[in-house]
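A short worksheet on the structure shown next.
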Amino acid sequence: MSFRNTQELAVRYTLRIAASASILIVFLIFLFLFKEALPFVREPGLSHLLNGRWNPTSLKEVSYGIFPLVTGSLLVTTLATLLSIPFGVCGAVYIAELAGPREREVLKPFVELVAAIPSVVLGFFGLIVVAPALRRLFDLPSGLTALTGALVLALMAVPTIVTISEDAIRSVPMSYKEASMAMGANRMQTIWRVTVPAAMSGIIASVMLGMGRVIGETMAVIMLTGNAAMTTLSPLAPVRTMTATIAAEMGEIVFGSEHYQALFWVGILLLLSTFLLNIVAMRVLKSYQRL
Amino acid sequence: MRTSISESAATWGLRLVTYSIVAVVGYIILDIVWKGAPVLSWSFLSTAPTANGQGGIWPAIVGTFWLITGTILVALPLGMASAVYLSEYSKQGRFTAMIRLAIVTLAGVPSIVFGLFGLGLFVLFFGFGTSILAGSLTLACMVLPTIIVSSEESLRAVPQALREASLALGATKWETIRKNVLPYAIPGMLTGSILGIGRAAGETAPILLTVAAFYLPNLPRSVFDQALALPFHLYALATQFPNPDLVRPTQYGTALVLLLLVLGLNIGAIILRSHFRKRYRW
């Protein structure tokens with residue numbers, strides 16, 4: 001075999017190995033999360049995770065119930081998603097259908113730039129500006145509530161929703177709009193009755209991807225939601241999310257302890273929920289791209 | 001016309017909502033620039049923090065610099081090689097489908113879960129301890145999907161004719177890629193990668209579990225040392241001091257430096273991209 005052929009083969013296999021690194025990393029993430037979490041199954045047992053209280057450092061009776069953390073995450077995520085949908089979808093409609101070409105050239109990168117602002121900076125801003133404002137507005141003992149976190153997280157979800165929804169709206173075939181206009185519908189009727197419904201699966205996917213980002217967000221949440229591990233559905237109560245619990249408690253515990261293992265179970269739950277959200281969102285996106 | 005009034009009202013409504021997003025973001029950036037700028041000085045940038053939350057941020061700048069350098073050294077070659085494989089070599093099949101699924105999965109993993117992973121694998125299993133090395137490797141895993149996806153996009157934008165011409169002259173596949181594809185794709189690959197690196201520079205949660213130490217005035221001496229980093233330093237300043245008003249200027253200063261770093265990387269990448277787009281137009 002000539003030198004060139006050997007070189008070709010060597011390059012091909014090197015690149016192939018590099019490309020499989022992603023598979024390896026995903027495999028290692030699952031492996032090591034379960035490896036660290038697994039001893040918990042035998043002692044004290046998985047059923048302890050289903051307990052109603054999260055109190056791993058109690059002197060009287062330790063309790064690893066992740067229920068309050070799950071409700072905390074769900075509450076913050078739901079609020080943030082509900083807040084971000086109108087802004088994200090209206091922004092996407094405006095940029096895709098109504099903005100002039102030069103306006104779009106400025107607006108789209110600007111909205112995408114929001115995604116680049118580090119979450120710790122947004123958390124810091126929330127701590128200094130949003131939290132005191134909410135405290136005064138609702139006359140609360142502390143401004144650190146589920147709503148405070150949700151307001152800042154909504155801002156983080158908006159760029160995801162705008163970017164992907166805008167692509168979906170723009171890829172609706174021109175003939176749909178022309179047909180609607182020809183039937184005598186005006187621009188708004190065309191947008192809301194024809195274009196947006198046609199792009200609906202893309203918009204739904206964008207909201208799901210935004211939700212994935214919000215569930216996994218750690219720093220803004222840990223700084224803003226007050227971190228009280230209690231089960232509540234009130235937006236004005238302090239809550240503690242799954243992500244914040246891991247970040248706040250991992251630094252202060254003995255590696256390998258029951259508490260440490262319980263935190264890895266929280267991580268596994270988080271990983272699986274974002275994994276499912278993303279897979280479903282990708283499916284939805286693909287179904288509309290096939291259109 | 002009656003409809004046109006309601007229509008223009010609706011248009012204005014949508015415009016208002018869109019610009020309210022712009023206004024909120026603009027307000028955040030201006031607030032941080034306005035209150036952070038007076039704090040920035042040579043001594044703020046070049047001295048170590050003190051125990052009461054005053055002083056400068058030099059160790060945090062150094063820590064972030066080493067973390068980012070480590071991340072680039074690991075993620076850039078790996079991500080670019082993966083992209084070349086996916087764009088130039090891979091065939092439709094199970095292996096390629098698995099790689100794509102893995103990339104999508106990685107892109108969706110929450111940063112704190114990357115932190116847990118880095119803690120389990122790099123800090124404990126490999127025994128690197130909480131260190132710059134463990135943090136860089138964790139961040140590299142995190143930015144890998146961004147680098148792969150943007151690099152592949154840029155490779156695919158190179159016209160097929162360039163490859164065919166080279167192959168027709170008898171060049172091998174790798175010679176074609178090296179001489180006729182990569183030179184045109186590299187600028188785009190780099191700008192996409194810069195965006196990913198910018199994200200890593202501002203990320204806090206993985207660092208929290210793999211690198212950081214609170215209050216650490218000394219500079220790291222090797223990759224096995226703990227280090228401060230800008231995002232983590234801001235988090236510590238914002239949450240660890242009972243008297244926030246005293247620490248406020250340092251907080252704003254740190255937030256501004258971090259914001260400038262991340263937005264600077266992003267805007268730089270956008271400018272680079274438009275520059276190269278003008279140079280190669282197929």
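In what follows, every chain begins at residue 1, and chains take the letters A, B, ... in the order their sequences are listed. All of these numbers come straight from a predicted model, not from anything done at the bench.
Note: Ile268(A) CD1 to Leu116(B) CG = 9.0 Å, rounded to the nearest 0.5 Å. Atom CD1 of residue Ile95(A) and atom CZ of residue Arg15(B) lie 12.0 Å apart, to the nearest 0.5 angstrom. Atom OG of Ser22(A) and atom CD1 of Ile148(B) lie 3.5 Å apart (nearest 0.5 Å). Between the CG atom in Leu101(B) and the CE atom in Met282(A) there is a gap of 10.5 Å [rounded to 0.5 Å]. Here the CZ-CZ distance, from Phe122(B) to Phe32(A), works out to 9.0 Å after rounding to the nearest 0.5 Å. Atom CD of Glu112(A) is separated from atom CG of Asn266(B) by 10.0 Å, given to the nearest 0.5 angstrom.
Side-chain contact check for Tyr89(B) and Arg16(A): no donor-acceptor pair (N or O, by modelled atom type) lies under 3.5 Å.
Contact annotation for Thr96(B): neither backbone nor side-chain heavy atoms come within less than 4.5 Å of a heavy atom of chain A. Proximity to chain B (any heavy atom under 4.5 Å) is shown, for Tyr13(A), by neither the backbone nor the side chain. Neither the backbone nor the side chain of Glu217(A) comes within contact range of chain B; no heavy atoms are under 4.5 Å apart. Contact annotation for Glu88(B): neither backbone nor side-chain heavy atoms come within less than 4.5 Å of a heavy atom of chain A. For Leu124(B), the part lying under 4.5 angstrom from a heavy atom of chain A is the side chain only. Looking at Leu256(B), there are no atoms closer than 4.5 Å to chain A (heavy atoms on both sides), in backbone or side chain. With a 4.5 angstrom heavy-atom cutoff, Tyr252(B) touches chain A via backbone and side-chain atoms both. Neither the backbone nor the side chain of Arg199(B) comes within less than 4.5 Å of any heavy atom in chain A. For chain B, the nearby parts of Ile29(A) are the backbone and the side chain; heavy atoms of each come within less than 4.5 Å. Within the 4.5 angstrom heavy-atom criterion, no atom of Gln189(A) approaches chain B. Within the 4.5 angstrom heavy-atom criterion, only side-chain atoms of Val158(A), from C-beta onward, approach chain B. Looking at Ile32(B), the atoms closer than 4.5 Å to chain A (heavy atoms on both sides) all sit in the side chain, from C-beta outward. Contacts between Leu195(B) and chain A at a heavy-atom distance below 4.5 Å are absent for every atom of the residue. For a residue to count as touching a neighbouring chain, one of its non-hydrogen atoms must lie under 4.5 Å from one of that chain's; by this rule Leu33(A) touches chain B with the side chain only. Residue contact with chain B, scored on non-hydrogen atoms closer than 4.5 Å, involves the backbone and the side chain of Met188(A) alike.
With contacts defined as side-chain heavy-atom distances shorter than 4.5 Å, the pair Val120(A)/Phe232(B) does not qualify. When side chains are defined from C-beta on, Val11(A) does not count as touching Lys173(B), because their heavy atoms never get closer than 4.5 Å. The closest side-chain heavy-atom distance from Leu113(A) to Leu263(B) is below 4.5 Å. Counting heavy atoms from C-beta outward, Pro86(A) and Val17(B) have side chains that stay 4.5 Å or more apart. Under the 4.5 Å side-chain criterion, counting only non-hydrogen atoms from C-beta, Tyr85(B) is not in contact with Thr14(A). Counting heavy atoms from C-beta outward, Ile28(B) and Leu122(A) have side chains that approach closer than 4.5 Å. Within the 4.5 Å cutoff, no side-chain heavy atoms of Thr204(B) are placed close to those of Pro118(A). Looking at heavy atoms from C-beta onward, Arg248(B) lies in side-chain contact with Ile128(A) at the 4.5 angstrom threshold.
Among Val111(A), Leu277(A), Leu107(A), Leu155(A), the residue making the largest number of heavy-atom pairs under 4.5 Å with chain B is Leu107(A). Per-residue counts of heavy-atom pairs under 4.5 Å with chain B were compared for Met250(A), Arg4(A), Glu97(A), Glu36(A); the largest is that of Arg4(A). Between chain A and the residues Val22(B), Leu209(B), Leu144(B), the most heavy-atom pairs under 4.5 angstrom are made by Val22(B). With chain A as the partner, the residue from Ala201(B), Pro77(B), Ala10(B) showing the most heavy-atom pairs under 4.5 Å is Ala10(B). With chain B as partner, the option from Met223(A), Arg12(A), Gln7(A) having the largest number of non-hydrogen pairs under 4.5 angstrom is Arg12(A). Of the listed residues (Leu28(A), Val162(A), Leu263(A)), the greatest number of heavy-atom pairs within a distance under 4.5 Å of chain B belongs to Leu28(A). In terms of heavy-atom pairs under 4.5 Å with chain B, the best-connected choice from Ile279(A), Ile222(A), Val129(A) is Ile222(A). Heavy-atom pairs under 4.5 Å with chain B were tallied for Val266(A), Asn278(A), Thr218(A); the largest tally goes to Thr218(A).
Enclosure of atom CZ in Phe87(A) is not indicated, since only 12 or fewer non-hydrogen atoms of other residues, nucleotides or ligands lie within 6.0 angstrom. Atom CH2 of Trp192(A) has more than 12 heavy atoms from other residues, nucleotides or ligands within 6.0 Å. Under a cut-off of 6.0 angstrom, the local environment of OH in Tyr19(B) is crowded, with over 12 non-hydrogen atoms contributed by other residues, nucleotides or ligands. Other residues, nucleotides and ligands contribute at most 12 non-hydrogen atoms within 6.0 Å of the CZ atom of Phe125(B). Summarising the local packing, CZ of Phe27(A) is surrounded by 12 or fewer heavy atoms from other residues, nucleotides or ligands at distances under 6.0 Å.
Closest of all the heavy-atom pairs between Ser82(B) and Ala18(A) is OG-O, 3.1 Å. Closest of all the heavy-atom pairs between Val121(A) and Ala255(B) is CG2-O, 4.3 Å. Between Leu270(A) and Pro110(B), the shortest heavy-atom contact is CG-CG, 4.2 Å. What you find for Ala247(A) and Leu208(B) is that their closest heavy atoms are CB-CD2, 3.4 Å. Smallest separation of non-hydrogen atoms from Val26(A) and Ala102(B): CG2-O, 3.5 Å.
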Q. Given Ile117(A) and Val262(B), is the side-chain contact (heavy atoms from CB on, under 4.5 Å) satisfied, shown in steps?
A. CA-CA 7 Å; Ile117(A) 300 178; Val262(B) 173; over 6 Å; no
Q.
I'd like to know whether Leu9(A) forms a side-chain contact (heavy atoms from CB on, under 4.5 Å) with Trp174(B), so could you lay out the CA-CA distance, the side-chain angles of the two residues, the decisive distance to 0.1 Å, and finally the verdict.
A. CA-CA 9 Å; Leu9(A) 271 180; Trp174(B) 175 236; over 6 Å; no
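With hydrogens and angles ignored, the 3.5 Å screen pairs a side-chain donor or acceptor of Glu7(B) with a backbone N or O of Arg187(A).
Checked against the 6.0 Å centroid criterion, the rings of Phe124(A) and Tyr235(B) do not qualify as a close aromatic pair.
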